[in-house]
Amino acid sequence: MSDYDPQALEARWRERWAEEGRYEADPAEAADAADDPTFITVPYPYPSGGMHIGHARTYTVPDVYARYRRQQGDNVLFPIAWHVTGTPIIGAVERLKTGEADQLSVLRDTYNVAEDTLKDLETPMGYARHFIENHYKKGMHDLGLSIDWRREFTTNDDRYSKFITWQYETLKERGLLEKGLHPVKYCTNEQQPVTTHDLLEGEEAEFQEYTLIRFGHGDTVVPMATLRPETVRGVTNAYIDPDASYVIADVDGEEWFVSAPAVEKLQLQGREVTPKRTVTGEHLVGQRVENPVTGDEVLVLPAAFVDAENATGVVMSVPAHSPDDYLALQEATADHDRLSAYGIDPDEVDAIDPVPILSVEGYGEIPAKTAVEDAEIESSTDPALEAVTRELYNTEFHTGRLNDEYGEHAGEVVEDVRGRFRDAHRESGAFDTMREFSEAVVCRCGGDVVVSEQDTWFLRYNDEAWTAKAHDAVSRMEAIPENTRGEYDHTIDWLNEWPCIRNYGLGTRLPWDDEFVIEPLSDSTIYMAYYTIAHRLDEIPVEDLDRDFFDALFYGESAVEDPDERALQLRKEWQYWYPVTYRFSANDLISNHLTFYLLHHAELFDPDEWPAGIVIMGMGLLEGEKMSSSKGHVVLPDTAIEEYGADTVRFFLLNSAEPWQDYDWRTEQVDSVRTQLERFWTRATDIIDDPGPEDRPALSTADRWLLSRLQRTVADVTEALDGSETRTASQAAFYDFEEDLRWYRRRADRSRPAARWTLRAVLETRLRLLAPFVPFLANELHERLTGTPAEDAPWPEVDDAVLDGGVEAAEAQVERLVDDIQGIQQSLRNADEDVPEADPDQIRVRVAAGWKHGVFDTVAEIGADQGAVMSQVMSDPDLRERGNAVNDLVSELIEFARARGGGELDTLAGLDEAAIYRDAADFLSDEFNATVVVEVEADGDSAVPFRPSIQLEAA
RNA sequence: GCGGGGGUGGCUGAGCCAGGCCAAAAGCGGCGGACUUAAGAUCCGCUCCCGUAGGGGUUCGUGGGUUCGAAUCCCAUCCCCCGCACCA
């Protein structure tokens, strides 16, 4: 016997696996073409930082499945690679080089990067390499992941780029790529597009599409931005900031009047803008502008609340439907002096009445007025105004119906009509469009970030033929859990065009325009195919990897004129492994990566090569809170493995929740897993040291019971693992069976040869069941026990000859009896006074009389049908004589039968109840430290079949 | 707003799809006991309320309903979490 020393034993196995190349998988020789290839993938990690315990689970769940299939006899490929595409790594390097404190702290404190190593991290690939080698690869090795390491690559490798080049040239040729304008975040200081990572403020900002209502002032267009274009008929006036700076400019050949900041925005949104002259807002105050829809002339009033930084800096006022406008108008009216100072006739302003343009239930004629008055808001600076406004906007959007003056649109609900109304007026030239963020956005450099429209290449994910194929792919694959299937379909329908390029970043250049880089979610859609050939591609010069090469590889020899022999060789490897059996991935990736994965496979490959299954994974928490490397709230696999050992880490990660459920790393719980594994180890080594006889001796009831329970465990674990239910499976193999063992230890004398034999058989099977979860421990013990590691032994199968329902039912009766006796004891102990029977000297167990068992047999035969049972029973004259007693018994038994299946009743009917208790008498006697007397009741006693009467007797 | 998931005993968390062996698994925590010089580990019992005999009562977010019977099915309602795009 030796102590459990996970670090030492795990190190031995790691070394052994590496030396043997244990998990390197190759297509089987032609001779065993019948074998079963299983191809498992997981999203390749993005090494912009280190690996934490959350990542560990992402890769361990597929490892368990891979190990399981291997024991089932499959040829299993589980590869890994590294995703470096895009800007995060570059951004991280930039922040390191500029000495940003947060970044340095993450590197030094969270990821323990040594001071003299920091300089190696100053190039993007140097940075990536560090985290790949020292964190991810090390962590994966330490965890014992059964990865084929020959196939690793990065997405910045030349050969990978050739592969992506092939993919994008092919898609372009098929018309699935399209060029167009697209809004991006653009830093006005750095004069380039920026990503969310580059932002100081406004990470949550959304793109908003404003409609510009083209009010006219003479020949000048005064565009006013709104999110509610349908309110145009309710405009009573306009507002402008009299003190802000505005520009009269030539815009696409017209004269426009807009705020100064709007000039650059309009330019960035694809307009030709030539500023002609700068004025203050006062220039327009008191003027009239013409509503392009109604032709009405409305007055422009001064207002300090107008933000010249937002949109065009001139806004229209709809006091009937906007609480803000309503209050602003009231306040303007109240301040005659101010109006007069701007040369406006106060009477004219007083005469302005709100013009309602839609009706909405519960808000009266002038909804904004009602809303403001109901909420008792009197000032435009009241903080409660925002909520009132939001509520009114919402209600009007969903239930407001347009008034008659809207002609063809009259009577329609805003929600349904807004888009059509806007488009119609855009068509006619009354409206225009401008984009703006929902909040201020500031770059890390301090510059303002605005919306810019840039020439971009799109993937046409809304192409009808394409989406149809993708839906087909969804319907053919296995979605685990099944309730995620709808999400894929939903995402496919919801996706629009996807801009697939960026201005900078690591990765593959767009083949026909090398200014651009293919972005990360677009260069990671079919790389699983690359795994199948990655290690062999290295033999081929990069320049040979052209279009024809990959066409031959993926589409066969007839696809190209003069197929490359090497490509055709690789094609065999690809065809051997494909399709991907299961892809394990996080649930938040359904809405992009996983659906892209389906779309690209559906387009580029035949249905036979489409993804066979996707397993969704939940998120990880740490002590109930989200992990965050920037806050240092992470556990690194390194640290955890050092403290607990890899098997404990794995077992915790797999056992605490099913893969698709969120899980929570709690030190307390991990500690307890470690304790449990230690106990398992101790018991196992005890059996290994004293394994009992080679040949099967005569077994006791308890032995046969345990072996029967083992068969059920095998069935449960196998079924659970087939569905990737790692929690259910490990729970059954480990904890649930521990319960059975606990009973067995109470019940059986373990020094008997038959017990040693039984325990040994049980241990061997359990080690095989546990090997996918705790490979180090299970392989070690299995090898000590049998001479072979568990992973080289076949997966256990249920042995029907060992399944014994009768023994299990009998044993359940004994357990039930123990429970009942304890129940009575408990009840007696509750008494205020001492009751001597609570600690009995003798326990009398009376089994139901023979005729009662006869009735039970009838119930078992007929089922829970009181009438049918009664008429059958009453046909027996002896029973008829007993009258009421029979009636009562049948009622009781019917209730008993209702809760049980027919099979169980039959099994019970076949048992000799008294014999069961007599066999267990010695055991019961030991348990309760009392004499146990088993007898059949005298007539008239209260026992019921399988519910003996019990009497505790003190001396 | 759109889409998805969820509310179970001190905590974590099964059960719900296929209603009844469900006062509700397992783990953790707590209490008592055995073992031990002691601690730890291990083992046994208890851990919603009441009860001197294996029983009874009230529970599974809330309110209704279906049913002989509901944690499980249906309806309504409240609350919580996650994703929503050019970000990997």
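Convention: sequence-line order gives letters A, B, ...; per-chain numbering from 1.
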Rounded to whole Å, please give me the gap between [atom1] in [X] and [atom2] in [N].
X: Q661(A); N: C81(B); atom1: CD; atom2: C1'; value: 14 Å
X: F437(A); N: A85(B); atom1: CZ; atom2: P; value: 12 Å
X: N929(A); N: C43(B); atom1: CG; atom2: P; value: 21 Å
X: N655(A); N: G13(B); atom1: CG; atom2: P; value: 13 Å
X: D662(A); N: G13(B); atom1: CG; atom2: P; value: 9 Å
X: F928(A); N: A53(B); atom1: CZ; atom2: C1'; value: 14 Å
X: F896(A); N: G69(B); atom1: CZ; atom2: P; value: 23 Å
X: D839(A); N: G33(B); atom1: CG; atom2: C1'; value: 13 Å

Inter-nucleotide [atom1] distance ([N], [M]), Å rounded:
N: C75(B); M: A23(B); atom1: P; value: 27 Å
N: U12(B); M: C87(B); atom1: P; value: 38 Å
N: A70(B); M: G19(B); atom1: P; value: 14 Å
N: A41(B); M: U59(B); atom1: C1'; value: 37 Å
N: U42(B); M: G57(B); atom1: P; value: 39 Å
N: A88(B); M: C80(B); atom1: P; value: 32 Å
N: G9(B); M: G63(B); atom1: P; value: 15 Å
N: G51(B); M: A38(B); atom1: C1'; value: 40 Å

Checking base pairs now: Watson-Crick or wobble, both atom distances under 3.5 Å. What partners [N]?
N: C84(B); result: G1(B)
N: A18(B); result: none
N: G29(B); result: U47(B)

Could you tell me whether the phosphate oxygens of [N], OP1 or OP2, come under 4.0 Å of any side-chain nitrogen or oxygen in [X]?
X: R746(A); N: G45(B); answer: yes
X: N483(A); N: G5(B); answer: yes
X: Q866(A); N: C68(B); answer: no

At under 4.0 Å between heavy atoms, what does [X] touch on the DNA or RNA strands: base, sugar-phosphate, or nothing?
X: E927(A); answer: nothing
X: L521(A); answer: base
X: T675(A); answer: sugar-phosphate
X: L952(A); answer: base
X: R816(A); answer: nothing
X: N496(A); answer: base
X: P948(A); answer: base
X: E895(A); answer: nothing

Any Y917(A) side-chain heavy atom under 4.5 Å of V847(A) side chain: yes
Salt bridge flag under 4.0 Å for residues [X] and [Y]:
X: R727(A); Y: E658(A); value: no
X: E678(A); Y: R674(A); value: yes
X: R666(A); Y: D671(A); value: no
X: E811(A); Y: R709(A); value: no

Any idea which of [options] is nearest the [X] side chain?
X: E487(A); options: G3(B), C43(B), G45(B); value: G3(B)
X: R745(A); options: A88(B), G54(B), C43(B); value: C43(B)
X: R666(A); options: A53(B), G54(B), U12(B); value: U12(B)
X: L828(A); options: U52(B), G54(B), C43(B); value: U52(B)
X: Q826(A); options: G54(B), G45(B), C87(B); value: G45(B)
X: W494(A); options: C43(B), C87(B), C84(B); value: C84(B)

Looking at [Y], is [X] sitting on its ring face, NZ or CZ under 6.0 Å from the six-membered ring centre and within 45 degrees of the normal?
X: R228(A); Y: Y393(A); result: yes
X: R747(A); Y: F923(A); result: yes
X: R650(A); Y: F773(A); result: no

Quiz item: D588(A) side-chain donor-acceptor pair to G83(B) base, under 3.5 Å: no
Distance-only side-chain donor-acceptor flag, R679(A) / Q676(A), under 3.5 Å: yes
Donor + acceptor pair across side chains of T154(A), N156(A) (<3.5 Å): no
Criterion side-chain contact (heavy atoms from CB on, under 4.5 Å) against V474(A), the qualifying member of I492(A), T491(A), I614(A): I492(A)
First of S591(A) and P499(A) reached from the 5' end of RNA chain B, by closest nucleotide: S591(A)
First encountered from the 5' end of RNA chain B, between R947(A) and E658(A): E658(A)
Sequence-aligned protein contact record of nucleotides 19-31 of chain B, with B where the base is within under 4.0 Å of a protein heavy atom and S where only the sugar-phosphate is: -BB---BSSS---
